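Notes follow once the structure below has been shown.
Every chain is numbered from 1, with letters handed out A, B, ... down the list of sequences. Values in this document were obtained by computation on a predicted structure and should not be read as measured data.
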There are 2 protein chains.
Amino acid sequence: MESEIKKRFDNYIREKGLRKTAQRDVILEAAFSSDDHFTAEELWMKARKIDPKTSRATVYRTITLLLECGMLREIDLGRDERVYDPNFIESPDHNHLICIDCGKVVEFEDENAAVLIDCITRRLGFRPTSKSMRIEACCDKLRSSGMCENLIELRLGKK
Amino acid sequence: MESEIKKRFDNYIREKGLRKTAQRDVILEAAFSSDDHFTAEELWMKARKIDPKTSRATVYRTITLLLECGMLREIDLGRDERVYDPNFIESPDHNHLICIDCGKVVEFEDENAAVLIDCITRRLGFRPTSKSMRIEACCDKLRSSGMCENLIELRLGKK
DNA sequence: GTTCGTGCAAACCGTTTGCACCGAC
DNA sequence: GTCGGTGCAAACGGTTTGCACGAAC
């Protein structure tokens with residue numbers, strides 16, 4: 001994890017008059033050590049690999065903090081539980097394509113999409129600040145062959 | 001509610017070998033009597049206005065049925081509870097803009113968006129069948145004047 | 001008469017919270 | 001020493017489910 005992320009978090013902590021704690025550092029490390037999306041439960045597991053005593057409640061409270069300071073964003077996928085995306089620091093304008101068949105999520109950036117979102121948003125009378133687009137699609141391989149590598153991953157219990 | 005909707009549901013019921021019941025008719029009526037989005041709880045309230053004995057469990061089970069046959073679609077808004085959109089029968093290709101400030105949801109269709117979604121989806125290796133786009137934006141009025149009519153509605157307890 | 005649907009209440013599960021203890025400052 | 005943070009377990013709220021009764025066929 002880049003130290004710039006730690007600095008940004010420390011700055012936020014300081015600005016808000018909060019306290020720097022070992023637990024928050026552990027959860028920050030767990031959240032940004034890879035670019036994978038994660039749920040609260042998954043973040044808890046990652047954090048406990050670093051410090052087994054990390055509590056679930058502190059994970060939830062730290063997620064709230066990270067959302068507030070804009071370092072983490074919630075994204076809407078299948079939605080039985082909330083999913084968080086740690087990649088908005090590196091790619092502030094990225095979008096998501098979600099396969100409604102196999103659940104695969106692909107991140108992408110697209111200049112045309114950015115322009116179009118801007119136009120549509122203005123036309124409807126809104127301000128296009130936090131532009132973010134989500135496309136639902138169908139998995140080609142799954143439809144044609146009845147299986148795709150991602151579904152295989154899910155079946156094998158990647159998690 | 002158009003009788004075409006009732007026919008479509010009856011057909012589905014018959015095809016699957018299910019039974020036509022008074023409760024299912026009531027919930028269908030409640031769901032499609034207006035074009036408003038609704039939660040399960042809200043649909044339950046609407047249904048009880050028609051038949052006060054309607055049970056919550058039957059509402060949930062009928063929503064599942066309506067999702068299966070494609071008459072209802074789940075849409076992702078703020079997401080503390082699931083929201084359903086009854087308008088995909090009339091406008092199969094519509095998209096949603098959600099204001100992250102005031103929560104307002106605007107439905108729109110856009111030919112350019114349809115083409116772009118198609119291109120992006122193909123480029124990423126997916127099949128663009130059930131195309132659907134969601135844009136998050138910021139409310140212009142709320143940002144500039146500190147208030148917007150939709151926030152006023154929410155405060156006054158539209159619900 | 002058989003089988004599926006309904007209604008109730010309990011179970012579920014992700015998330016939030018009250019409270020006593022602990023640690024940053 | 002003070003005040004905010006942590007950890008536990010209980011509470012919460014939307015959704016699902018087990019089971020006995022009732023209705024569709």
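At a threshold of 4.0 Å, the pair A:R82-A:D76 does not count as salt-bridged, since none of the basic side-chain nitrogens sits closer than that to a carboxylate oxygen. Salt bridge status for A:D10 with A:K6: absent, with no side-chain N to carboxylate O gap under 4.0 Å. Using a 4.0 Å cut-off between a side-chain N of Lys or Arg and a carboxylate O of Asp or Glu, B:R56 and B:E41 qualify as a salt bridge.
Checking the phosphate oxygens (OP1, OP2) of C:dC8, no side-chain nitrogen or oxygen of B:S55 falls inside 4.0 Å.
Between the side chains of A:H96 and A:E136, no donor N or O sits under 3.5 Å from an acceptor N or O.
Taking atom CG of B:L77 as the reference point, atom P of D:dG14 lies 15 Å away to the nearest angstrom. Put simply, CG on A:L65 is 14 Å from P on D:dG4, counting in whole angstrom units. Straight-line distance from the NZ atom of A:K16 to the P atom of D:dG5: 10 Å, rounded to whole Å. When rounded to the nearest whole Å, the span between CD of B:Q23 and C1' of D:dC21 equals 13 Å. We find that CD1 of B:I63 is positioned 8 Å from P of D:dT15, with the value rounded to whole Å. Atom CG in A:D51 sits roughly 12 Å away from atom C1' in D:dT6 (whole-Å rounding). Going from atom NZ of B:K53 over to atom C1' of D:dG22 covers 13 Å, rounded to whole Å.
Between B:H94 and B:F88, a ring centre-to-centre spacing shorter than 6.0 Å is recorded.
Applying the salt bridge (Lys or Arg N to Asp or Glu O under 4.0 Å) test to A:D51 and every residue at least two apart in sequence or in another chain returns A:K53.
A:I13 and A:Y60 sit in two unconnected hydrophobic clusters of ILVMFWY residues. Membership requires side-chain heavy atoms under 4.5 Å apart, directly or through other members.
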Nucleic acid footprint by protein, nucleotides 15-25 of chain C - heavy-atom cut-off 4.0 Å, B for base, S for sugar-phosphate alone: BBBB----BBS
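Remark: B:E109 CD to B:N95 CG distance equals 8.0 Å, nearest 0.5 Å.
Remark on the helix from C:dG1-D:dC25 to C:dC25-D:dG1: inter-end axis angle 30°, axes from five-pair C1' superpositions, rounded to 10°.
Between A:V26 and A:R48, the closest side-chain pair of non-hydrogen atoms is not below 4.5 Å.
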